[in-house]
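Order of the sequence lines sets the chain letters (A, B, ...), proteins ahead of strands, with each chain counted from 1. What's counted below: heavy atoms across the whole structure, side chains too, no hydrogens, waters or symmetry copies.
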2 protein chains.
Amino acid sequence: MAQTQTLSKNQKIILDIIEKAKEPLKAYSILFNVQKKGIKAPLQVYRALEKLIKLGKIHKVESRNAFVACKNSNCEISKATAFSICETCKKVTEISNQKLSKYLKNFHDKTGMTYKKYNLEFYGLCTSCKRS
Amino acid sequence: MAQTQTLSKNQKIILDIIEKAKEPLKAYSILFNVQKKGIKAPLQVYRALEKLIKLGKIHKVESRNAFVACKNSNCEISKATAFSICETCKKVTEISNQKLSKYLKNFHDKTGMTYKKYNLEFYGLCTSCKRS
DNA sequence: TAACGTTTGTTATAATATAACATATTTAAG
DNA sequence: CTTAAATATGTTATATTATAACAAACGTTA
Ligand SMILES: [Zn+2]
Ligand SMILES: [Zn+2]
Ligand SMILES: [Zn+2]
Ligand SMILES: [Zn+2]
């Protein structure tokens, strides 16, 4: 079970900082923030990120090269992700919508390709940026 | 009209090489390939790519940092894109499916955010990689 | 305790992308 | 035409993102 997975020291440190952040975090900004905790090199960060992604604890927002904590029961181990991204304030929200995920999981194109995973990113204006 | 848009010299060179490629191309591989035509610096490539994306002539495959020619009437100037990506052979195919794009264009989340654009990437196995 | 897989630490380097500045070319008014 | 604005180019330097390669430590479990 993913829930019982025990994280290593570095993985915990890095998950913690991502979970506390209100914004998606970039790898090197994570690095800067954990240097006081003894993590000194990019690889230490990237390795933890890679593992956390595999476990579904975090996701990479591909178009931003940034990382967010999963808000959605670990997203079936990161196989089906959707985000809304405000182009003004850069806020990223994970979308959890049953109909949408069902629709996409069942989607097949005419080539007969088998999909194991998808990532969807919507870009636009969040409500507060719309007002101003 | 997008069709009447006239491209500059560098833009033509770079669109041409992307259109002829069977694979998504990376920026520095494009650079390498156009050096004989006088384009010497990364910025010259990135600037052309940026413009071609705006015009909907090409798309960036975000999870791959690679660029493909649009196969779909310039995709309403790149506002609605979907790809299927084979994780084995790395082949990328642009999906053009009316139902899917209609569904996504009309999608609204509960926050009331306005979407101007989306990008969807499916990952899996293409038919020929499935066989082998 | 030995063997295996996983995690860590470390240095170096690769790959991707942009800043800043100078010049040239094209377009659209006046 | 002529000038101004917008767009495109050329160039050097640098920023940002990510991985390679190697060695050591740790945590299982047989
Ligand atoms: Zn999630
Ligand atoms: Zn916003
Ligand atoms: Zn397209
Ligand atoms: Zn394939």
Side-chain angles (χ1 to χ4, degrees), chain A residues 1-2 4-18 21 23-68 77 87 90 92 119 121, chain B residues 1-2 4-18 21 23-68 77 87 90 92 119 121:
Chain A
M1 301 286 142
T4 37
Q5 180 71 36
T6 135
L7 299 178
S8 76
K9 184 182 124 249
N10 288 1
Q11 288 157 14
K12 271 181 211 147
I13 292 172
I14 283 164
L15 176 57
D16 187 58
I17 192 174
I18 295 174
E23 307 290 331
L25 294 183
K26 303 233 169 192
Y28 276 74
S29 118
I30 293 170
L31 175 59
F32 179 79
N33 278 284
V34 296
Q35 279 179 334
K36 55 197 136 200
K37 301 205 169 160
I39 295 177
K40 289 174 186 160
L43 247 197
Q44 295 175 287
V45 173
Y46 280 104
R47 286 196 284 222
L49 290 172
E50 185 184 28
K51 192 64 191 290
L52 292 168
I53 288 170
K54 263 190 202 141
L55 296 173
K57 301 286 185 191
I58 66 170
H59 305 302
K60 181 174 186 181
V61 183
E62 293 290 352
S63 64
R64 298 294 185 257
N65 300 315
F67 303 86
V68 293
I77 319 301
E87 288 178 313
K90 315 299 180 197
V92 171
N119 178 58
E121 299 183 3
Chain B
M1 302 284 142
T4 36
Q5 180 71 34
T6 136
L7 299 177
S8 76
K9 183 182 125 247
N10 288 1
Q11 289 157 14
K12 271 181 211 146
I13 292 172
I14 284 165
L15 177 57
D16 187 59
I17 192 175
I18 294 173
E23 308 291 328
L25 294 183
K26 303 235 168 191
Y28 276 73
S29 118
I30 293 169
L31 175 59
F32 179 79
N33 278 284
V34 296
Q35 279 180 335
K36 56 197 136 199
K37 300 204 171 162
I39 294 176
K40 288 172 188 163
L43 248 197
Q44 295 175 288
V45 172
Y46 280 104
R47 286 197 283 223
L49 290 172
E50 185 185 26
K51 192 63 191 289
L52 292 168
I53 288 170
K54 264 191 203 139
L55 296 173
K57 301 287 186 189
I58 65 171
H59 305 301
K60 181 173 186 180
V61 182
E62 293 289 352
S63 64
R64 297 296 185 258
N65 299 316
F67 303 86
V68 293
I77 319 300
E87 288 178 313
K90 313 300 179 196
V92 171
N119 178 59
E121 299 182 4

Report all interatomic pairs (protein N or O, nucleotide N or O of nucleotides 26-30 of chain D) with separations under 3.5 Å.
none

Counting only pairs under 3.5 Å, give me each side-chain donor-acceptor contact of residues 28-40 of chain B, with atom names and distances, residues two or more places apart or in other chains.
| from | atom 1 | to | atom 2 | distance (Å) |
| --- | --- | --- | --- | --- |
| B:Asn33 | ND2 | B:Ser29 | O | 2.7 |

Roughly how many Å is it from [atom1] in [X] to [atom2] in [N], rounded to a whole number?
| X | N | atom1 | atom2 | value |
| --- | --- | --- | --- | --- |
| B:Gln35 | D:dG10 | CD | C1' | 14 Å |
| A:Leu49 | D:dA18 | CG | C1' | 11 Å |
| B:Leu52 | D:dT7 | CG | P | 16 Å |
| B:Glu50 | D:dA8 | CD | C1' | 12 Å |
| A:Leu31 | C:dT8 | CG | C1' | 15 Å |
| A:Ile30 | D:dT17 | CD1 | P | 11 Å |

- Item | Donor-acceptor under 3.5 Å (B:Lys57 side chain, B:Lys51 main chain) |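 Side chain of B:Lys57 to backbone of B:Lys51, a donor-acceptor pair under 3.5 Å: no, none is there.
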- Query: Does OP1 or OP2 of D:dT9 have a side-chain N or O of B:Ser8 closer than 4.0 Å?
  - Reply: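 B:Ser8 to D:dT9 OP1/OP2: side-chain N or O found under 4.0 Å.
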- Task: Please determine if a side-chain N or O atom of A:Lys51 lies less than 4.0 Å away from the OP1 or OP2 oxygen of C:dT6.
- Result: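 False: A:Lys51 side-chain N/O out of range (4.0 Å or more) of C:dT6 OP1/OP2.
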- Message: Holding to side-chain hydrogen bond (donor to acceptor under 3.5 Å, both in side chains), I want the full list of residues that pass it with A:Glu62, two or more places apart in sequence or in another chain.
- Response: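 For A:Glu62, no residue satisfies side-chain hydrogen bond (donor to acceptor under 3.5 Å, both in side chains) once neighbours in sequence are set aside.
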Every protein N/O lying under 3.5 Å from an N/O of nucleotides 9-18 of chain C:
| from | atom 1 | to | atom 2 | distance (Å) |
| --- | --- | --- | --- | --- |
| C:dG9 | OP1 | A:Lys9 | NZ | 3.4 |
| C:dG9 | OP2 | A:Asn10 | ND2 | 3.1 |
| C:dG9 | OP2 | A:Gln44 | NE2 | 2.3 |
| C:dG9 | O5' | A:Gln44 | NE2 | 3.3 |
| C:dG9 | N7 | A:Arg47 | NH2 | 2.5 |
| C:dG9 | O6 | A:Arg47 | NH1 | 3.0 |
| C:dG9 | O6 | A:Arg47 | NH2 | 3.4 |
| C:dT16 | OP1 | B:Lys26 | NZ | 2.7 |
| C:dA17 | OP1 | B:Lys60 | NZ | 2.6 |
| C:dA17 | OP1 | B:Asn65 | OD1 | 3.4 |
| C:dA17 | OP2 | B:Tyr46 | OH | 3.1 |
| C:dA17 | N7 | B:Tyr28 | OH | 2.8 |
| C:dA17 | N6 | B:Tyr28 | OH | 3.1 |

- Tell me, please, which residues at least two apart from A:Glu87 pass salt bridge (Lys or Arg N to Asp or Glu O under 4.0 Å).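 Partners of A:Glu87 by the salt bridge (Lys or Arg N to Asp or Glu O under 4.0 Å) criterion, ordered by chain and then number, come out as B:Lys116, B:Lys117.
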- side-chain contact (heavy atoms from CB on, under 4.5 Å) between B:Lys60 and B:Asn65, worked out: CA-CA 7 Å; B:Lys60 181 173 186 180; B:Asn65 299 316; 3.9 Å; yes
- Query: Tell me, do A:Ser63 and A:Glu121 make a side-chain contact under 4.5 Å, heavy atoms counted?
  - Reply: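 Contact flag for A:Ser63/A:Glu121 side chains = yes.
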- Axis-to-axis angle between the two ends of the helix from C:dT1-D:dA30 to C:dG30-D:dC1 (five base pairs per end, rounded to 10 degrees):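 Between the first-five-pair axis and the last-five-pair axis there is 40°.
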